[in-house]
Amino acid sequence: MKRRFDPSGALRGSARAAADKSLSHRAALLAAMTSDPVRVTGYLDAADTNSTLAAVEALGALVERGGDALTIRGTGLRAAAPAAGVIDVGNAGTLMRLLPGWLAGQPGGGSWTLDGDESIRRRPVDRIAEPLRLMGARIDAREDRFAPFTVTASPLQAIEYVLPVASAQIKSCVLLAGLTAAGETAVIEPEPSRDHTERLLLRCGVTVTREEGRICVCPQDELELRDLHVPGDPSSAAFLVAAAVLVRGSRIVIEGMAANWTRVGFLRILERMGAVLVGELEPHGAPLSPDEPVTELDVAHGGLVGTTVEAAEVPLAIDELPLVALLGCFAEGETVVRGAEELRVKETDRIATVVDGLRGLGAEIEATADGFVVQGSGGLRGGTIASHGDHRLAMLGAVAGLASRDGVEVEGMEAAAVSYPGFEADLAALGGA
Ligand code: S3P
């Protein structure tokens, strides 16, 4: 589906960005792992998170959809059911990497095959297969590293695992496997990454500690989870925020956005670039707690200066780095992102697709092995950009269009529905699009 985004007048008003995708995946998975019903409000109704609901149903959980809430009746921690066929993870990398952590230690044995779409089949699973094998599970993957792959449950032993990359998905997989392993499982992260799994496990009554990048989890008989609310996704809100910063005269308010410090790295980068943002973000490095703080964020248009994003900041802003590239086109001077080679294994190779896509719109941008370098050129001409089926690239193109001189045509706009089906409607309600 092609969609055109013309240069926009000022964006005004308030929006509630789509529910958080990372939290929705985890809410469904953890609710499925408990045996009492869990009511979840605000669950993200999008392609990725619907794949997770279908997956937990395939494993024996019951999902009742009613109005604003879902009620999930799980199987209990050690009672995932055999699935009738292949579990289809669709486009959802988070589902593909987290679910095996639960399945690997099922005491009744069993094996489950996971597969997904064309994009998911290009994304590595050796990164979770390695720690799960060290714990005693069996994983058989295509070419030893891609979907489709089969997880065969076995008794698990706790490990201490040093993450080769700062990835919340790998960390979460190992922590979930730790719930059914013998002994205390530890994960050591090179840099902090999003910590929703740790927070939710605390809410489930699990003993989880984090000290200087070492996260420990103890095995558990059962999980107990009370009702949950999923706040707005800072990664989805980031597209509206970027549009407001770039389009002259804009002033918008984002309501109900998650303000967890491990998710707001993009907003910190934006502040450094000179943007005016008002909101209560959780302080950087806040101690682990079961809560997910929420804020209202007030954003206004303003001039930007270039910045450098270093490796330590990358996991805190990983999904928003394409937007940093776009903002860099409008900023004074040079904007550099380093230490972000992980972008190459996202829904697309986001170093290649962002650099090619923005260059096609007139950007002065060069790819590097682990990021990109953008020269601010006072704006963007416009043109055509392809989403390549990547939701964040589709939304990037739309925002670029609103801020461009001639407008942007986005090929494959339907990809936005993976994480933010209401994106175009929200933009339109603010006066953009
Ligand atoms: C996610 C973690 C990140 C992120 C992805 C969601 C999660 O991936 O890019 O969109 O929910 O844990 P990595 O952990 O692989 O960096």
Side-chain angles (χ1 to χ4, degrees), residues 20-27 29-30 48 92-101 123-128 130-132 159-178 185-202 208-217 233-236 238 258-269 281-293 309-324 337-347 350 370-371 392 419:
D20 194 88
K21 178 158 85 67
S22 288
L23 271 167
S24 294
H25 283 304
R26 288 161 171 82
L29 289 170
L30 285 161
D48 249 27
T94 303
L95 174 59
M96 174 170 76
R97 269 67 170 263
L98 267 59
L99 184 57
R123 301 184 63 188
V125 289
D126 47 348
R127 47 181 53 203
I128 58 153
E130 182 188 280
L132 292 178
I159 51 169
E160 177 176 287
Y161 191 64
V162 180
L163 293 178
V165 285
S167 157
Q169 293 181 355
I170 313 176
K171 169 178 69 176
S172 300
C173 176
V174 179
L175 294 177
L176 294 182
T185 295
V187 181
I188 296 161
E189 356 184 47
E191 305 290 353
S193 65
R194 68 191 67 193
D195 64 3
H196 304 302
T197 303
E198 296 89 308
R199 292 185 195 225
L200 265 179
L201 287 174
L202 281 176
V208 187
T209 57
R210 175 173 70 204
E211 274 160 31
E212 315 228 326
R214 183 187 157 95
I215 301 139
C216 294
V217 69
D233 194 324
S235 301
S236 297
N260 176 325
W261 70 273
T262 63
R263 292 295 303 285
V264 295
F266 170 67
L267 300 176
R268 306 279 185 209
I269 295 166
L281 306 181
E282 191 178 34
H284 185 91
L288 191 57
S289 100
D291 301 322
E292 289 287 351
V309 175
E310 301 284 359
E313 248 180 328
V314 163
L316 309 179
I318 183 78
D319 294 334
E320 295 74 67
L321 294 176
L323 282 169
V324 173
V337 171
R338 287 201 263 265
E341 49 276 86
E342 274 295 293
L343 287 176
R344 296 208 181 269
V345 290
K346 296 296 175 190
E347 285 81 336
R350 284 193 183 144
D370 63 349
R392 301 202 199 277
S419 62

Is Asp291 reaching over with its side chain to a backbone N or O of Pro293, donor-acceptor style, under 3.5 angstrom?
-> no
Check the pair Asp48, Leu95 against side-chain contact (heavy atoms from CB on, under 4.5 Å), reporting the backbone distance first and the verdict last.
-> CA-CA 8 Å; Asp48 249 27; Leu95 174 59; over 6 Å; no
Side-chain touch Arg26/Leu98, heavy atoms, less than 4.5 angstrom | yes
His25 side, atom NE2; Leu200 side, atom CG - distance, nearest 0.5 Å | 13.0 Å
Can you name the closest pair of heavy atoms from Leu132 and Ala177 and give their distance?
-> CD2-CB, 3.7 Å
For Ser172 against Thr197, the heavy-atom pair lying closest together | OG-OG1, 2.7 Å
Of all heavy-atom pairs linking Asp20 and Pro234, the shortest is OD1-CD, 3.3 Å
side-chain contact (heavy atoms from CB on, under 4.5 Å) evaluation trace for Ser167 with Arg97 | CA-CA 10 Å; Ser167 157; Arg97 269 67 170 263; over 6 Å; no
Got Leu343 and Ile318 here, is their nearest side-chain heavy-atom distance under 4.5 Å?
-> yes
CA sep, side-chain torsions, deciding dist, call: Glu320, Leu267, side-chain contact (heavy atoms from CB on, under 4.5 Å) = CA-CA 9 Å; Glu320 295 74 67; Leu267 300 176; over 6 Å; no
Kindly write out the residues that satisfy side chain to side chain donor-acceptor pair (under 3.5 Å) with Thr94, not counting sequence neighbours, or none if the list is empty.
-> Gln169
Interatomic distance, Arg210 atom CZ to Ser289 atom OG [nearest 0.5 angstrom] | 9.0 Å
Check whether any side-chain heavy atom of Leu163 lies under 4.5 Å from a side-chain heavy atom of Pro190, and answer yes or no.
-> yes
From CA spacing to verdict: side-chain contact (heavy atoms from CB on, under 4.5 Å), Leu281, Arg268 = CA-CA 9 Å; Leu281 306 181; Arg268 306 279 185 209; 3.6 Å; yes
Ignoring hydrogens and geometry, is there a side-chain-to-backbone donor-acceptor pair from Arg338 to Ala311 under 3.5 Å?
-> no
For the residue pair Leu30 and Leu201, establish whether any side-chain heavy-atom pair is separated by less than 4.5 Å.
-> yes
Side chain proximity check, Val345 to Arg123, heavy atoms < 4.5 angstrom = no
Between Pro192 and Trp261, which heavy-atom pair has the shortest distance, and what is it?
-> CB-CH2, 3.6 Å
Taking the side chain from Asp370 and the backbone from Glu341, do they hold a donor-acceptor pair closer than 3.5 Å?
-> no
For side-chain hydrogen bond (donor to acceptor under 3.5 Å, both in side chains), just list the numbers for Ser193 and Lys171, CA-CA rounded to whole Å, side-chain angles, deciding distance to a tenth of an Å, and then say yes or no.
-> CA-CA 9 Å; Ser193 65; Lys171 169 178 69 176; 3.0 Å; yes
Asp233 side chain reached by Arg263 side chain, heavy atoms, under 4.5 Å = yes
Any residue meeting salt bridge (Lys or Arg N to Asp or Glu O under 4.0 Å) with Asp319, in chain and number order, not counting sequence neighbours = Arg194, Arg350, Arg392
Sole candidate of Leu99, Val125, Ile128 that passes side chain to side chain contact (heavy atoms under 4.5 Å, CB included) when paired with Cys173 = Ile128
Between Ile215 and Val208, is any pair of side-chain heavy atoms under 4.5 Å apart?
-> yes
Minimum heavy-atom distance between Tyr161 and Pro131, given as atom pair plus value | OH-CD, 3.6 Å
Under a 4.5 Å cut-off applied to non-hydrogen side-chain atoms, are Glu292 and Leu23 in contact?
-> yes
Looking only at heavy atoms, what is the nearest atom pair of Leu321 and Ala340, with distance?
-> CD1-CB, 3.9 Å
Thr262 meets the side chain to side chain donor-acceptor pair (under 3.5 Å) criterion, sequence neighbours left out, with Asp195, Asn260
